[in-house]
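Notes to accompany the following structure.
Any value given below was found using the heavy atoms of this structure, including those in side chains, with hydrogens, waters and symmetry copies removed.
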Number of protein chains: 2
Amino acid sequence: MDEDLPPPIDSPSDAPGRLGEFVSLSSRERSALAGLLEPVQHWPRHHVLRHEAAEPAHLYLLTHGWVASSIALASGKQQIVKVHLPGDLLGAPSLCFTTTVDCLTAMTPIAVHAISRSRLIATFEAFPRIALSLFLSAQKERVALMESLAVVGQAPAHVRIAATLTNLFDRLSERGDAPGGMFHMPLTQRDLGDLIGITPVHVNRTLREMDRLHLIKRSDQTISLLDVDRLRRIAGLPIRRYVFGSNRIASV
Amino acid sequence: MDEDLPPPIDSPSDAPGRLGEFVSLSSRERSALAGLLEPVQHWPRHHVLRHEAAEPAHLYLLTHGWVASSIALASGKQQIVKVHLPGDLLGAPSLCFTTTVDCLTAMTPIAVHAISRSRLIATFEAFPRIALSLFLSAQKERVALMESLAVVGQAPAHVRIAATLTNLFDRLSERGDAPGGMFHMPLTQRDLGDLIGITPVHVNRTLREMDRLHLIKRSDQTISLLDVDRLRRIAGLPIRRYVFGSNRIASV
DNA sequence: CGGAGTTTTGAGGCTATTCAAAGGTCGTGG
DNA sequence: CCACGACCTTTGAATAGCCTCAAAACTCCG
């Protein structure tokens with residue numbers, strides 16, 4: 001099985017990906033979104049898509065691979081604030097600032113479509129339902145950050161790891177990329193540390209302990225969640241249901 | 001004492017407050033926003049405006065006082081993810097979920113206008129520029145959370161406190177509520193702890209140490225930042241400039 | 001005046017950090 | 001094909017920062 005290679009999003013109707021997740025868009029709206037996408041670009045692992053404190057001229061739609069969004073502190077440490085997966089829109093938080101807020105780094109080989117900031121804003125004004133959809137997606141990202149903050153602020157290392165792994169599992173599962181709790185895990189232990197606010201050394205000891213408890217199994221760059229339910233209970237976060245399906249905001 | 005009570009926002013043109021911060025709205029748009037506001041409600045300190053896991057039928061525009069948005073973990077601990085000040089829109093993160101994400105608690109006596117969720121969404125579709133404006137505000141909130149996460153994840157206690165105090169100072173200063181670095185500080189040391197992920201005992205020792213170093217001075221429920229520049233350097237976060245003024249997105 | 005919540009202080013313990021180094025993996029170039 | 005370097009993982013030992021428990025002093029409010 002091609003379990004760690006999600007199908008690239010190529011056809012125009014799929015192109016907007018998660019951009020219309022909360023609002024069912026008309027075909028006119030979907031093609032307006034697809035029209036924003038510049039030709040696909042491919043980049044290798046470790047490529048910096050956009051530095052911190054740069055000119056925020058573009059956003060990116062990630063169609064393949066993983067991208068970390070990170071913030072550097074004066075102390076020299078950095079926090080990864082989000083690991084982006086395929087379908088995610090990158091760079092939106094910098095939209096209201098004169099200079100980019102986060103650094104976007106490829107954690108795997110990636111494929112992205114650039115999106116012009118000014119054209120996106122023009123599309124907002126022409127297509128209010130697209131604006132509504134992206135607004136709701138932004139709120140969803142806010143909630144993800146709120147939960148990360150809660151876990152990093154209040155929980156010990158093994159809980160932070162459990163929360164991170166179940167979160168990745170859930171998001172990968174939406175595209176069928178984590179069958180049987182197993183998925184490709186390109187983050188190094190240092191990356192994981194930067195993500196959850198823990199030293200790589202301590203990440204190692206904690207992972208090793210979770211391994212010993214048969215919560216996870218690691219091999220190569222692959223991880224298996226052996227007991228997702230128990231990991232969720234350890235993480236201590238509620239399962240959230242999106243406004244979707246029947247509640248999804250219908251087409252006009 | 002009335003000296004630290006900011007003037008309430010009452011006239012219809014002011015009512016939208018920060019809702020139009022990034023887009024200059026027409027008077028028609030402004031009155032559409034003002035029309036969303038239900039009559040003002042007043043609540044005492046410690047009142048829970050909206051519990052976690054409740055029905056998300058309303059948002060709130062805060063016009064007076066401080067409100068904490070918090071998330072509870074299974075461990076019994078809670079994280080305050082944001083301290084809202086007058087002009088802030090409360091409850092938006094829950095918009096795309098079937099159940100509310102955060103708990104909204106008054107930290108002072110407050111005044112709020114409820115906003116119907118469904119009417120807000122209808123307004124989005126009718127007024128694309130309002131949608132754009134609220135979208136940008138949501139991105140700004142996202143950045144605030146990203147910075148909180150970075151500080152809580154990577155910095156020791158005194159840095160977290162410096163970042164929190166300068167952030168409050170900056171936001172209060174926009175409305176002239178922190179003259180000379182002095183402002184009313186209704187958060188208890190326990191609240192501060194819940195906000196930055198530190199035990200109240202350790203918050204106390206750290207505040208006391210910062211007091212000794214002449215960085216801050218505390219009395220009553222009031223705090224003075226004696227050296228804002230040094231506090232900013234300790235916090236280690238860049239000063240961000242908003243897309244505003246000449247860059248502000250003009251009226252059609 | 002009593003009671004509840006907040007601030008302050010002390011002592012001891014635990015989690016996570018720092019520093020250091022060895023062993024492993026992988027890609028690259030000789 | 002092997003040797004090398006770069007990076008990652010693993011392990012150990014000592015330490016620092018923060019937590020827990022506990023209790024006293026203080027403030028505020030009824």
Side-chain angles (χ1 to χ4, degrees), chain A residues 44-47 66 68 73 75-80 105-109 151-164 184-212 216-223 234, chain B residues 1 44-47 66 68 73 75-80 105-109 151-162 164 184-212 216-223 234:
Chain A
R45 181 159 187 249
H46 291 152
H47 175 77
W66 293 25
L73 292 181
S75 63
K77 298 184 176 180
Q78 69 159 352
Q79 173 76 31
I80 295 179
T105 310
M107 309 307 281
T108 67
V151 167
V152 169
Q154 305 294 335
H158 67 282
V159 175
R160 302 190 201 183
I161 290 182
T164 304
H184 177 60
M185 177 65 178
L187 301 182
T188 67
Q189 294 180 6
R190 161 193 286 273
D191 296 330
L192 244 182
D194 288 344
L195 182 58
I196 65 180
I198 295 283
T199 288
V201 175
H202 198 240
V203 169
N204 182 278
R205 293 192 228 269
T206 309
L207 278 179
R208 185 144 272 278
E209 176 67 10
M210 294 174 78
D211 225 326
R212 200 184 61 74
I216 61 177
K217 194 155 74 70
R218 296 166 300 151
S219 60
D220 261 339
Q221 291 207 331
T222 300
I223 193 166
I234 291 172
Chain B
M1 35 177 152
R45 181 162 188 251
H46 291 152
H47 175 77
W66 293 25
L73 292 180
S75 64
K77 298 184 176 181
Q78 70 160 352
Q79 173 76 33
I80 296 178
T105 310
M107 309 306 281
T108 68
V151 167
V152 169
Q154 305 294 335
H158 67 281
V159 175
R160 302 190 200 183
I161 290 181
T164 304
H184 178 233
M185 177 63 178
L187 302 182
T188 67
Q189 294 181 4
R190 159 191 287 273
D191 296 330
L192 243 183
D194 288 345
L195 182 59
I196 64 180
I198 296 281
T199 290
V201 175
H202 198 243
V203 168
N204 182 278
R205 292 193 229 268
T206 309
L207 279 178
R208 187 145 271 279
E209 176 66 10
M210 295 174 78
D211 224 326
R212 201 183 60 76
I216 61 177
K217 195 155 71 73
R218 296 167 301 151
S219 61
D220 261 338
Q221 292 206 327
T222 300
I223 194 166
I234 291 172

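Side-chain atoms of A:V152 and A:R160, non-hydrogen and from C-beta on, do get closer than 4.5 Å to each other. Between B:T206 and B:I198 there is no side-chain heavy-atom pair separated by less than 4.5 Å.
In this structure, the separation between NE2 on B:H158 and CG on B:L207 is 12.5 Å, given to the nearest 0.5 Å. Atom CD1 of B:I80 sits about 8.0 Å away from atom OG1 of B:T105, to the nearest 0.5 Å. Taken from CD1 in B:I196 to CD in B:Q79, the straight-line distance is 9.5 Å, to the nearest 0.5 Å. Note: A:H184 NE2 to A:T222 OG1 = 7.0 Å, rounded to the nearest 0.5 Å. Taking CE of B:M210 as the reference point, atom CD1 of B:I223 lies at 8.0 Å (rounded to 0.5 Å).
Atom CD of B:Q189 and atom C1' of C:dT6 are 8 Å apart (whole Å). Rounded to an integer number of Å, the gap from CZ of B:R190 to C1' of C:dT7 is 12 Å.
For the side-chain hydrogen bond (donor to acceptor under 3.5 Å, both in side chains) test, no residue two or more places apart in sequence or in another chain qualifies with B:R205. Partners of A:Q221 under the side-chain hydrogen bond (donor to acceptor under 3.5 Å, both in side chains) rule, at least two apart in sequence or in another chain, do not exist in this structure.
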Base-contact (B) and sugar-phosphate-only (S) positions in nucleotides 9-26 of chain C, heavy-atom cut-off under 4.0 Å, - elsewhere: BBB----SBBB-------
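Contact check, B:R218 against C:dT8: a side-chain N or O comes under 4.0 Å of OP1 or OP2.
An angle of 40°, rounded to 10°, separates the two end axes of the helix from C:dC1-D:dG30 to C:dG30-D:dC1, each defined over five pairs.
Of all nucleotides in DNA chain D, those with any atom nearer than 4.0 Å to a heavy atom of chain A start and finish, going 5' to 3', at D:dC8 to D:dA13.
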What donor-acceptor contacts under 3.5 angstrom involve side-chain atoms of residues 186-194 of chain A, with partners at least two apart or in another chain?
unit_1, atom_1, unit_2, atom_2, d
A:T188, OG1, A:R190, N, 3.4
A:T188, OG1, A:D191, N, 3.1
A:T188, OG1, A:D191, OD2, 3.1
A:Q189, OE1, A:N204, ND2, 2.9
A:D191, OD2, A:T188, N, 3.0
A:D194, OD2, A:Q78, NE2, 3.1

